[in-house]
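Quick note: residue numbers are just sequence positions, from 1.
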Amino acid sequence: MTEATTIPAPSGTNLPATMRAVVVHGPEDYRLEERPVPTPGPGELLLRTDAVGVCASDLKCYQGAEKFWGGEHKPAWAERDRIPGHEFVGTVVAAGDGALETRGVGLGDRLACEQIVPCTDCFYCSRGIYWMCEPHEMFGFKGHDGAMAEYVLVPTRALTHRVAADLPGHFAAFSEPLSCAMHAVERASIQFEDTVVIAGAGPIGLSAIAGARQKNPLRIIALDMLDEKLELATACGADVVINIARTDAVAAVKELTGGYGADVYIEATGHPSAVGQGLNLLRKLGRFVEYSVFKDKPSVDWSIISDDKELDVLGAHLGPHCWPAAIKLIESGTLPMETICTHQFPLERFQEALDMVADSAGGSVKVSILPNGPVPAGSAANLQGGETA
């Protein structure tokens with residue numbers, strides 16, 4: 001094997017032999033440990049992790065949701081002894097033989113990686129539908145360690161995208177949820193005359209609002225229970241905001257649409273009640289796009305979809321073909337990233353980061369971990385106490 005090409009660590013020394021990493025031992029059992037720094041083989045890259053976002057799916061995996069750990073009707077998908085973290089950006093610090101040439105990158109370049117590592121030869125991959133790959137290996141969950149660590153290995157089959165080096169790491173890592181939401185927007189086939197309702201003003205909901213704004217429909221309506229998040233929704237492009245804790249969203253949307261209802265509903269909360277809400281506020285022949293990971297199973301009147309309204313109900317998974325547009329939008333400075341990226345934690349405070357995402361009333365929007373620090377002085381994570389990395 002050809003020896004990997006490397007650049008010095010920040011201290012001016014060679015790369016260390018070990019690194020700090022969060023390791024999954026099972027639901028509600030994640031531990032900070034020392035792990036060997038990976039050595040990239042032919043075609044592989046090693047990134048020094050700049051930032052890794054903490055996703056709702058990370059939280060639900062931590063909590064033991066059936067989707068990840070299996071249940072009555074499905075086997076476990078997530079793996080133990082795995083480093084979590086799939087929303088990440090990092091700097092290339094080492095490369096195996098041929099990796100730099102193949103990807104057209106150099107040492108010191110910054111890359112974002114798509115979550116999935118497609119097999120390239122299953123039924124779906126062979127037809128170009130790589131995001132539905134049957135083995136479905138994914139950073140931080142199955143097959144490949146993620147980026148809640150100081151370094152992360154990029155395998156040969158991973159999909160990478162260049163990101164500007166001058167962006168704060170936690171802004172750059174937001175390209176993952178933004179690309180996912182943009183795919184949901186694409187699935188909705190939004191038209192100029194449409195009324196689009198987006199449920200949830202968290203990271204995915206805000207990203208869906210920003211993506212829908214690029215389509216320029218007649219109106220975008222954002223739903224949430226917190227006024228602070230609805231203010232962010234307006235900053236991201238919503239025309240109308242509705243606090244569902246105070247206002248009947250179904251009645252309000254129908255009033256705005258002459259009694260008919262919305263053309264498009266994008267569900268981005270992961271709460272079961274939001275599913276029935278969407279079915280009820282859509283007009284006949286409307287389009288429902290689901291983009292959430294549920295901890296609890298929703299229950300709805302299925303006849304609304306068929307006999308009552310003849311709805312199109314669509315799923316959306318990952319962010320295929322949307323990464324360049326997502327990165328471009330972040331790099332443009334259009335989005336209020338300082339306000340969206342509310343909390344950054346050092347690696348040793350990973351548990352606080354997970355708990356912050358779990359606290360729906362905690363005031364966070366996007367929570368990130370900066371494994372190599374430093375945590376920005378103005379970060380809400382710092383303002384709430386604790387030392388920077």
Side-chain angles (χ1 to χ4, degrees), residues 181-182 184-292 294 296 298-316 335-336 339-340 360-361 363 365:
M182 283 184 157
V185 168
E186 290 280 68
R187 292 281 283 162
S189 301
I190 292 171
Q191 307 297 310
F192 290 130
E193 71 270 23
D194 282 347
T195 291
V196 179
V197 176
I198 296 171
I204 293 293
L206 292 171
S207 296
I209 292 164
R213 185 73 279 156
Q214 306 305 302
K215 300 289 186 179
N216 201 30
L218 176 63
R219 65 170 70 88
I220 299 171
I221 302 171
L223 311 180
D224 204 278
M225 299 181 70
L226 297 175
D227 290 334
E228 296 83 1
K229 290 187 176 180
L230 290 172
E231 289 176 14
L232 257 180
T234 299
C236 288
D239 301 296
V240 179
V241 297
I242 298 173
N243 188 317
I244 62 171
R246 297 193 298 266
T247 303
D248 182 333
V250 175
V253 170
K254 288 192 174 181
E255 183 178 353
L256 286 167
T257 56
Y260 289 100
D263 303 276
V264 172
Y265 180 82
I266 299 176
E267 199 290 303
T269 71
H271 194 281
S273 66
V275 179
Q277 172 183 262
L279 297 179
N280 285 314
L281 63 73
L282 280 170
R283 65 164 172 82
K284 295 177 182 178
L285 301 176
R287 301 183 295 285
F288 186 120
V289 180
E290 180 56 63
Y291 204 116
S292 286
F294 290 88
D296 300 311
S299 178
V300 298
D301 180 356
W302 202 246
S303 62
I304 296 173
I305 297 168
S306 56
D307 194 49
D308 292 359
K309 294 186 177 181
E310 197 174 321
L311 300 177
D312 289 334
V313 178
L314 304 164
L335 300 179
T339 314
I340 292 172
S360 60
V365 182

With a 3.5 Å distance limit and no angle check, can you tell me whether [X] reaches the backbone of [Y] through a side-chain donor-acceptor pair?
X	Y	answer
Thr195	Ala262	no
Arg287	Asp312	no
Lys309	Leu282	yes
Arg187	Gly315	yes

Any idea which heavy atoms bring Ala249 and Ile242 closest together, and the distance?
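Minimum heavy-atom contact is CA-CG2, 4.4 Å.
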
Show the atom names and distances, to 0.1 Å, of all donor-acceptor pairs under 3.5 Å that link a side chain in residues 254-261 to residues at least two apart or in another chain.
| unit_1 | atom_1 | unit_2 | atom_2 | d |
| --- | --- | --- | --- | --- |
| Thr257 | OG1 | Val253 | O | 2.8 |
| Thr257 | OG1 | Lys254 | O | 3.3 |
| Thr257 | OG1 | Gly261 | N | 2.9 |

Listed partners of Asp263 passing side chain to side chain donor-acceptor pair (under 3.5 Å), at least two apart
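With sequence neighbours excluded, Asp263 shows a side chain to side chain donor-acceptor pair (under 3.5 Å) to Arg283, given in chain and number order.
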
Working to the nearest 0.5 Å, report the span between [atom1] of [X] and [atom2] of [Y].
X	Y	atom1	atom2	answer
Glu290	Leu314	CD	CG	11.0 Å
Lys229	Asn243	NZ	CG	12.0 Å
Leu279	Asp301	CG	CG	8.5 Å

Tell me, with the steps shown, if Arg213 and Leu335 meet side-chain contact (heavy atoms from CB on, under 4.5 Å).
CA-CA 11 Å; Arg213 185 73 279 156; Leu335 300 179; over 6 Å; no

Can you tell me if CD on Gln214 sees more than 12 non-hydrogen neighbours from other groups inside 6.0 Å?
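More than 12 heavy atoms, drawn from other residues, nucleotides or ligands, come within 6.0 Å of this atom.
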
Going by the ring pair (Phe, Tyr, Trp, His ring centres under 6.0 Å) test, which pairs reach into residues 266-289, not counting sequence neighbours?
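Listed by first then second residue: Tyr265-Phe288.
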
Report yes or no: do Glu267 and Thr269 form a side-chain donor-acceptor pair below 3.5 Å?
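Indeed, the side chains of Glu267 and Thr269 share at least one donor-acceptor pair under 3.5 Å.
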
Do [X] and [Y] make a side-chain contact, defined as non-hydrogen atoms from C-beta onward lying under 4.5 Å apart?
X	Y	value
Val196	Gln191	no
Gln277	Ile244	yes
Pro217	Val264	no
Ile304	Asn280	yes
Thr339	Val365	no

Run Asp194 and Lys215 through salt bridge (Lys or Arg N to Asp or Glu O under 4.0 Å) and show every step you take.
CA-CA 10 Å; Asp194 282 347; Lys215 300 289 186 179; over 6 Å; no

Do you know which of Leu281, Ile198, Val240, Ile209 makes side chain to side chain contact (heavy atoms under 4.5 Å, CB included) with Ile221?
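The option that passes is Val240.
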
